[in-house]
Amino acid sequence: MSQHQTSHTFQVDLRGLVDLLSHHLYSSPRVYLRELLQNAVDAITARRALHPDAPARITVETGETLTVTDTGVGLSEKDVHTFLATIGRSSKRSADGGLDGTAIASARSEFIGQFGIGLLACFVVADEITVVSRSAATPDAPVVEWRGRADGSYTIRTLPPHTRPEPGTTVRLTPRADGTEWTRPDRVLELARHYGGLLRHEVTVTDARGTATRIDRTPPWEERHASPRARREALAEHCRSTFGFTPLDTVELDLPVVGLRGVAYVLPTAVSPSQRAGHRVHLKGMLLSDQASELLPDWAFFVRCVVDTTGLRPTASREALYEDETLDAVREALGNRLRDWLTGLAAGDPTLLHRFIETHHLAVKALARHDDALLRMLLPWLPFETTDGNVTLDEFARSHPTILVTRSVEEFRQVAPIAAAAGLGVVNGGYTYDRDLVHRLPEIRSGTTVDDLDPATVTAHLDAVEPAAELAAASFLAVAREVIGVHDCDVVLRSFQPVTAPALLLDNREARHERTRSELAGAGDGLWADILGSLRTEAPRAQLVLNHLNPLVRRAATITERGLATATAEALYGQALLLSRRPLRAAESALLNRAFLGLLDHAMHDHAMHDHATHDRAGGQGGPAPRKEP
Ligand SMILES: Nc1ncnc2c1ncn2[C@@H]1O[C@H](COP(=O)(O)OP(=O)(O)OP(=O)(O)O)[C@@H](O)[C@H]1O
């Protein structure tokens with residue numbers, strides 16, 4: 001049995017396609033002007049390939065209609081059918097419009113366009129586009145007029161030669177009522193400056209009264225200046241007018257292999273490292289994106305750049321850079337350039353380096369974590385919070401061969417004064433990157449040891465009390481260990497400064513997590529409990545260190561009454577807990593409540609005893625009411 005097979009071609013719903021490409025590919029209607037300017041630039045490039053001395057002018061006229069006229073290569077009637085009237089066909093790839101890699105690569109090095117869809121962007125603001133053109137390649141070809149409509153239909157007619165004596169093209173749009181916002185004269189001028197300010201051709205915007213404004217300007221990095229200082233000033237001015245800030249410094253960028261030049265402006269204020277700066281990237285002069293964050297490595301969030309390049313590829317919407325190996329290489333090379341700039345500052349301009357570090361030390365820390373050379377170079381300048389105040393690690397390591405680093409800011413706040421009094425050197429490792437950096441110190445500074453601060457280390461450095469004092473406190477300590485022990489916390493007696501601190505709670509995040517995990521494993525059942533149980537390690541316990549130098553603790557150590565001893569132990573634990581500033585668990589809140597009420601009860605009981613005693617002395621009857629154990 002023979003099988004019947006038929007062959008078909010995709011049918012395209014032209015309206016849908018035009019709508020998709022014109023309305024949904026781009027982020028804003030304003031790109032229509034960019035596409036028109038870009039076609040004009042490409043046409044001039046093509047003409048100059050034929051006639052190197054041909055004029056290179058682009059004129060944008062505003063008014064009832066908007067026209068863009070260029071002195072480019074123009075189109076013959078045949079070209080119009082081939083390129084203008086076929087969506088996806090572009091004269092900028094190869095003679096046969098092919099899409100093979102080499103054709104695209106060679107077109108890319110010369111032209112900005114390549115996809116054959118850009119003109120459709122005009123349908124966002126107009127229902128009809130008229131193109132009148134005269135070909136420079138075929139001088140005797142007649143002038144041709146093409147009218148394309150948003151529904152996908154078009155007409156072509158030829159016009160007498162005198163209607164357009166010189167080669168080139170005029171594209172005319174009649175804005176739709178809802179498109180006038182983007183075609184108003186002032187808006188067109190603004191858009192032309194935005195997109196075309198760095199174009200290498202003469203670009204003029206003319207209004208209905210005939211006022212002409214030249215918008216192209218020499219890129220600021222190509223201008224000549226009398227002195228390096230004057231150059232810096234001019235670039236700073238460019239930064240103010242482009243980004244609205246005066247830069248801390250300017251770093252010039254130059255990568256000849258990808259035809260890239262530009263400037264990186266160092267931000268004068270700190271920004272969050274997660275906020276990636278938007279850079280202005282021009283492609284052959286035409287602004288591609290003012291939000292291109294992919295140009296630099298993540299760590300370089302302290303600069304904003306303006307660059308012009310010939311070697312990078314745009315995406316089809318032409319609003320971002322295409323992620324390819326070239327972009328990778330450019331990113332790396334620009335990163336190296338910024339690194340060199342930092343090294344240069346360290347060697348030649350410490351004052352500026354200080355200002356930079358004051359503003360951007362977070363950025364530098366982020367960067368130094370992955371970059372040994374930079375770490376080595378910049379570590380002496382980076383500030384850390386330590387028990388000696390805000391000092392550099394290098395300075396700190398000179399007086400503390402063993403450096404302890406906390407895991408959290410709260411831990412540091414609580415332990416630092418006591419550790420400092422005991423002669424320990426502690427760095428606050430609670431801030432982003434700091435703990436990692438401190439741990440890398442021994443790699444670049446031999447003879448230095450770095451350890452995470454744990455309860456045992458601190459307690460080991462606190463003075464033990466006399467055995468007699470320990471013995472005298474034994475009964476109170478026994479009660480305290482019993483009531484505090486249920487919170488997975490040991491109780492020890494030590495002498496430490498400051499005298500005013502009655503107790504210190506040594507605990508760290510990992511220990512707390514471990515305890516939460518064991519609690520959950522205990523509470524749960526079935527599979528979940530098994531999983532948590534299997535994760536369980538020996539749960540580290542926290543430590544409540546009572547200060548024997550503190551008068552209150554000395555008195556507490558002599559308490560023999562169980563009720564008061566319990567309330568006192570719980571109150572001391574509760575106070576240390578509050579000082580540690582970590583969130584309280586339900587059992588801990590209940591403990592605080594109980595301790596407070598217990599102490600209140602004791603205080604009132606003592607008060608009643610006192611009243612009775614006074615009363616008795618004055619001849620009153622009876623003794624104090626028997627007291628209930630709480
Ligand atoms: N001003 C112009 N002068 C000469 N030819 C033009 C002009 N504008 C458009 N064309 C022709 O029309 C074709 C299609 O233009 P369109 O803007 O749609 O795509 P493109 O520029 O080739 O590519 P892209 O979609 O990347 O912009 C171009 O390839 C070019 O041949």
Side-chain angles (χ1 to χ4, degrees), residues 17-18 20-22 25-26 31-50 54-60 66-99 103-104 106-124 126 129-138 141 143-148 150 152 154 156 164 166-173 195-196 199 201 203 283-284 286-288 312-320 322:
L17 197 65
V18 170
L20 174 75
L21 294 174
S22 58
L25 182 64
Y26 305 105
V31 299
Y32 82 91
L33 192 67
R34 182 190 66 193
E35 295 301 320
L36 289 175
L37 287 175
Q38 177 195 295
N39 281 343
V41 171
D42 283 343
I44 291 171
T45 308
R47 182 164 180 202
R48 286 242 164 133
L50 299 174
R57 270 192 317 273
I58 301 171
T59 314
V60 181
L66 180 128
T67 63
V68 177
T69 301
D70 63 65
T71 56
V73 71
L75 295 156
S76 65
E77 188 175 348
K78 184 168 162 279
D79 294 336
V80 167
H81 281 290
T82 319
F83 300 120
L84 269 190
T86 314
I87 293 172
R89 181 72 67 84
S90 170
S91 58
K92 302 163 195 175
R93 283 200 291 262
S94 66
D96 62 358
L99 271 170
I104 287 190
S106 86
R108 205 181 304 136
S109 62
E110 284 172 68
F111 299 112
I112 314 174
Q114 69 187 55
F115 299 107
I117 53 173
L119 202 62
L120 296 176
C122 297
F123 287 126
V124 190
I129 308 170
T130 310
V131 177
V132 175
S133 193
R134 179 171 190 147
S135 169
T138 330
V143 177
V144 58
E145 184 197 76
W146 174 88
R147 269 171 198 273
Y154 71 91
I156 289 186
R164 190 178 177 103
E166 293 298 322
T169 303
T170 298
V171 182
R172 179 182 303 276
L173 309 180
Y195 288 119
L199 286 175
H201 307 310
V203 186
L283 210 61
K284 303 178 182 94
M286 175 70 70
L287 181 74
L288 176 72
L312 291 175
R313 272 169 84 184
T315 57
S317 69
R318 226 180 311 284
E319 285 167 21
Y322 192 83

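As the structure lists them, so they are numbered: ligands from 1, and atoms in each ligand from 1.
- The distance from ligand 1 to the heavy atoms of Q38 drops below 4.0 Å at these ligand atoms: 27 (O).
- One N or O on the side chain of S133 and one on the backbone of G168 form a donor-acceptor pair closer than 3.5 Å.
- Residue L120 has no nitrogen or oxygen atom sitting less than 3.5 Å from a nitrogen or oxygen atom of ligand 1, judged on distance alone.
- Under a 4.0 Å criterion applied to the non-hydrogen atoms of L84, ligand 1 contributes the atoms 12 (O).
- Listed here is the closest heavy atom pair of L75 and T169: N-OG1, 4.5 Å.
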(message) The test is side-chain hydrogen bond (donor to acceptor under 3.5 Å, both in side chains); show your working for R164 and T170 and say whether it passes.
(response) CA-CA 10 Å; R164 190 178 177 103; T170 298; 2.7 Å; yes
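- Residue E35 has at least one heavy-atom neighbour below 4.0 Å for each of these atoms of ligand 1: 27 (O).
- With a heavy-atom cut-off of 4.0 Å, D70 touches ligand 1 through its side chain alone.
- Side-chain N or O atoms of T71 include one that pairs as donor or acceptor with a backbone N or O of R57 at under 3.5 Å.
- Close contacts of ligand 1 with G118, meaning ligand atoms under 4.0 Å from a residue heavy atom, involve 16 (P), 17 (O), 18 (O), 19 (O), 24 (P), 25 (O), 27 (O).
- Closest non-hydrogen pair, E35 versus G118, comes out as OE1-CA, 3.2 Å.
- Summarising the contacts of atom 6 (C) of ligand 1 with L75, D79, T169, the nearest heavy atom is found in L75.
- The shortest N or O to N or O distance between L119 and ligand 1 is under 3.5 Å.
- In terms of N/O distances under 3.5 Å, ligand 1 is not approached by D42.
- Judged purely by atom type and a 3.5 angstrom limit, R48 uses its side chain to pair as donor or acceptor with the backbone of A54.
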(request) Begin with the C-alpha distance, continue with both residues' side-chain angles, and end with the deciding distance and a verdict on side-chain hydrogen bond (donor to acceptor under 3.5 Å, both in side chains) for S76 and D79. (result) CA-CA 5 Å; S76 65; D79 294 336; 3.2 Å; yes
